[in-house]
Every structure is written in C-alpha cells, then in structure tokens.
Amino acid sequence: MISSFLHFITILVISILLDLILGDPNNKIHPVSWLGKYINYFVPKIKDEKNEKNEKINGVIFTTITIAFFAMIIQLSLVYLYHITFILMMVLSIFILYSVIAIKGMEKHINAITTALQNNDIENARANLSMIVSRNTKSLDEQHILSGTIESIADSIVDGILSPIFYFSLFGPTGAFIFRVINTLDSMIGYKESYFENIGWIAAKADTYANYIPSRIAAVLMIFAAIINNADWKNSITIFRKERNYTISVNSGHPISVLAGALRVRLEKVDHYIIGEPFEKISIEKCKLAIKIMKTTILIFCIIIASPLIIILGFLNWWNFIFGI
C-alpha cells in the first residue's frame, strides 16, 4: 500500500545513495536542465519594457502557471503509474528526488576549486567558483575564493539538499520537484539584475518563503554536525546568535553563520557582509571539514526530521490522500 512509510523512506534512501554514487544525471535527461530551457524560452515573451506593472503581473502569472503545470504533470504521472504498477511509480519517484538533490555535485564543484588552488591556478579557481556563486569572482584572492566556496557549501546544505528532502517528506516527489521549480526560477530570474527585477520578484519571494523553515532547521542541525566532526560547536552557536542576520537574505545567514563559527573563520562577500571571527585562516582543509559537516547534517536531518515526518504522515493516511486512493 502507498500508505506504508517504508516505501517513501526507501525512495529517500535510494535517491541519496544514487546521488552520492553517480552525481547529477546527464543534462540530456536532467529534469532541471529541461526546466531551465523552458524558463529561458518564455522569459523574453513575458517582458514588457514599456510597462513595469504589466511585467510584474506577467511575472506572477508565469511563476504561478509554471508551478501549477509541473505539479499537475508530475502528480498525475505518479498516480497514473501507481495504478498501472507500483514499481514504475517508485522508479519515477526515485528519479525525481535523485535529480533535485545535489550532494556529490556540490562536492565535485568544491574539489575543482580546491584542486585549482593547490596547483596555484587561481584563474581556474575563480572560474570554477563563478559557476556556483552570483558574485564577480574575477579579482578575488585565494582567501576570498575559499570564503565563497564555504559560503556556497552552507547555502547548498539548504536549497540544494535539505529543502527538497523536506518538501518530499511533506508532499512526496511532487513537493520535492516543485521546490526545485521555485528555486530554479529564483536563480534564473529572481532580482539578479534590472532586466529580471519585475518579472522575477515573485519567484524571489517564493524561494525565500520556501527556504524559511529548512534554513533554520539546517542551522540547528549543523551545530550537532559540528560536534560530531570535532569542529568548534560553541563558537558556531556564538556566531549564529550574533551574526545570522548580517546577510540581505533572511535565510542564508543562518547556515553561513553556523559554518563560519564551527570552522573558526571569517567569511566575507565583498561589499555585502562579513560573518565570523578570523581565529584561524581559511584553508582547503576547512573546505573539506565543511563538506563533512554538510554530509553529517544531511544524515541527521534524514534520521530525526524527514523519516519521522514520513512515518507520522503515513499513520495519518496522508499518502493515501495525496495519491487519491
């Protein structure tokens, strides 16, 4: 029966293992890659340079329709496959969740940056960092490259991993993918420059709201992960309490401040914020420790947040309701 929580925990475990082993799917079959092409196709069509109000309305309509469209397609596909054969529904569910989390993908990006720095190839390190941050990396020195790397790990813990798992735990594979739809819309059209400001404002708001709870759960769990990995958990609490609101984003400061404190380093996005105390120099070893904290946080989250949610909702027959049976 679909109401069995074991089915959803199985989907969760297999999806994470697939990501750890294989990394991201090839772009030819990656749903998020196709989503990006979809967004790029429609963005010029909803622009209205002559009317700011129309652009904002167009942005709301486009974002709403996009979310509703993908939610409907995925949910109907899952229900249809369930009634054909349960195994096909499981396979699609695993593929969806696997495709919207990025553990190995983030580690791969981090390794590319640190390897370039070890080879004294700062230009390559800057180029690799530019793939995972929105800031201008062309003039960054080694310390600021490493800072951006660690900040990206902190952000990725939330929107790259825990948030999709969180929404999977509440709404199944559809919830996980719809979070990724919102997050992708934000990353592509959300406030980055004036061209997107009017059409992307609602996507940025939606992403902020979607990450609000997961970012705060992540910050708390990262403190426990710091304890397990012999990082400075006491300092992580101190920096979190003092500096979690230093970022413009109401969410990103939470995991960044905890990680800065745990690593005993100062993280800086030039002209935006400085978080943490420079008790120790940022190093490649600090990046490796940040990855360990990330993986430990994921494990803790799955054990004490995701799995209990899935089990409780199973007993409440929520999954039966979701699948209409």
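Values below: every heavy atom of this structure, side chains too, minus hydrogens, waters and symmetry copies.
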(request) Tell me, with the steps shown, if E277 and R266 meet salt bridge (charged side-chain N to carboxylate O under 4.0 Å, His left out). (result) CA-CA 5 Å; E277 297 291 340; R266 184 180 72 179; over 6 Å; no
(request) Please indicate whether K292 has more than 12 foreign heavy atoms, meaning atoms of other residues, nucleotides or ligands, lying under 6.0 Å from its NZ. (result)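 Counting neighbours around NZ of K292, 12 or fewer heavy atoms of other residues, nucleotides or ligands fall under 6.0 Å, so no.
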(message) Other residues, nucleotides and ligands only: do more than 12 of their heavy atoms fall within 6.0 Å of OH on Y209?
(response)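 Not more than 12 within 6.0 Å, no.
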(request) Report yes or no: is the cationic atom of K37 (NZ for Lys, CZ for Arg) closer than 6.0 Å to the six-membered ring centre of Y41, at no more than 45° off its axis? (result)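 Relative to the ring axis of Y41, which defines the angle, K37 lies outside at least one limit.
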(request) May I ask you to establish whether R244 and Y246 are in a cation-pi arrangement, using a distance under 6.0 Å from NZ or CZ to the six-membered ring centre and at most 45° from the ring axis? (result)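 No, R244 does not sit over the ring of Y246.
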(request) Would you tell me whether D141 and H144 have side-chain atoms, one donor and one acceptor, within less than 3.5 Å of each other? (result)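 There is such a pair (donor and acceptor under 3.5 Å, judged by atom type) between the side chains of D141 and H144.
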(message) Regarding N211 and D159, do their side chains bring together a donor and an acceptor under 3.5 Å, going by distance alone?
(response)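 No.
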Closest non-hydrogen atom pair between [X] and [Y], with its separation:
X	Y	result
K28	W34	O-NE1, 2.9 Å
I199	I46	CG2-O, 4.0 Å
I275	S257	CG2-CA, 3.7 Å
T174	A71	CG2-O, 3.7 Å
K47	Y195	NZ-O, 2.7 Å
L81	L88	CD1-O, 3.8 Å

[X] side chain near [Y] side chain, heavy-atom distance below 4.5 Å:
X	Y	value
F62	L185	yes
V100	F179	no
D155	I256	yes
F166	L309	yes
Y38	L35	yes
I284	Q118	yes
H272	I248	yes
I239	V258	no

(message) With side chain to side chain donor-acceptor pair (under 3.5 Å) as the rule and sequence neighbours excluded, what pairs involving residues 101-112 come up?
(response)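 The answer is E107-K295.
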(request) Identify, with sequence neighbours excluded, every residue that meets salt bridge (charged side-chain N to carboxylate O under 4.0 Å, His left out) alongside D232. (result)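 Expected list: R264.
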(message) I'd like to check the side-chain contact (heavy atoms from CB on, under 4.5 Å) partners of V220; sequence neighbours left out, ordered by chain and number.
(response)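 Checked V220 against side-chain contact (heavy atoms from CB on, under 4.5 Å); matches are F224.
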(request) Take V60 and K56 through the test side-chain contact (heavy atoms from CB on, under 4.5 Å) and record every step on the way to the result. (result) CA-CA 6 Å; V60 172; K56 288 186 175 182; 5.7 Å; no
(message) Strictly below 4.0 Å, N to O, side chains only: are K269 and E151 in salt-bridge contact?
(response)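 Between E151 and K269 there is no salt bridge, as every charged N stays at least 4.0 Å from the carboxylate O atoms.
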(request) Can you label the angle between the Y82 ring and the F86 ring as parallel, tilted or perpendicular, going by 30° and 60°? (result)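 Rings of Y82 and F86: perpendicular, as their planes differ by over 60°.
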(request) Determine the interplanar angle of the F70 and F177 rings, folded into 0 to 90°, and report it as parallel if under 30°, tilted if 30 to 60°, perpendicular if over 60°. (result)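 The arrangement is tilted - the two ring planes meet at 30° to 60°.
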(message) Applying the side-chain contact (heavy atoms from CB on, under 4.5 Å) criterion to T149, which one of I291, L129, L117 satisfies it?
(response)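 Of the listed options, the one satisfying the test is L129.
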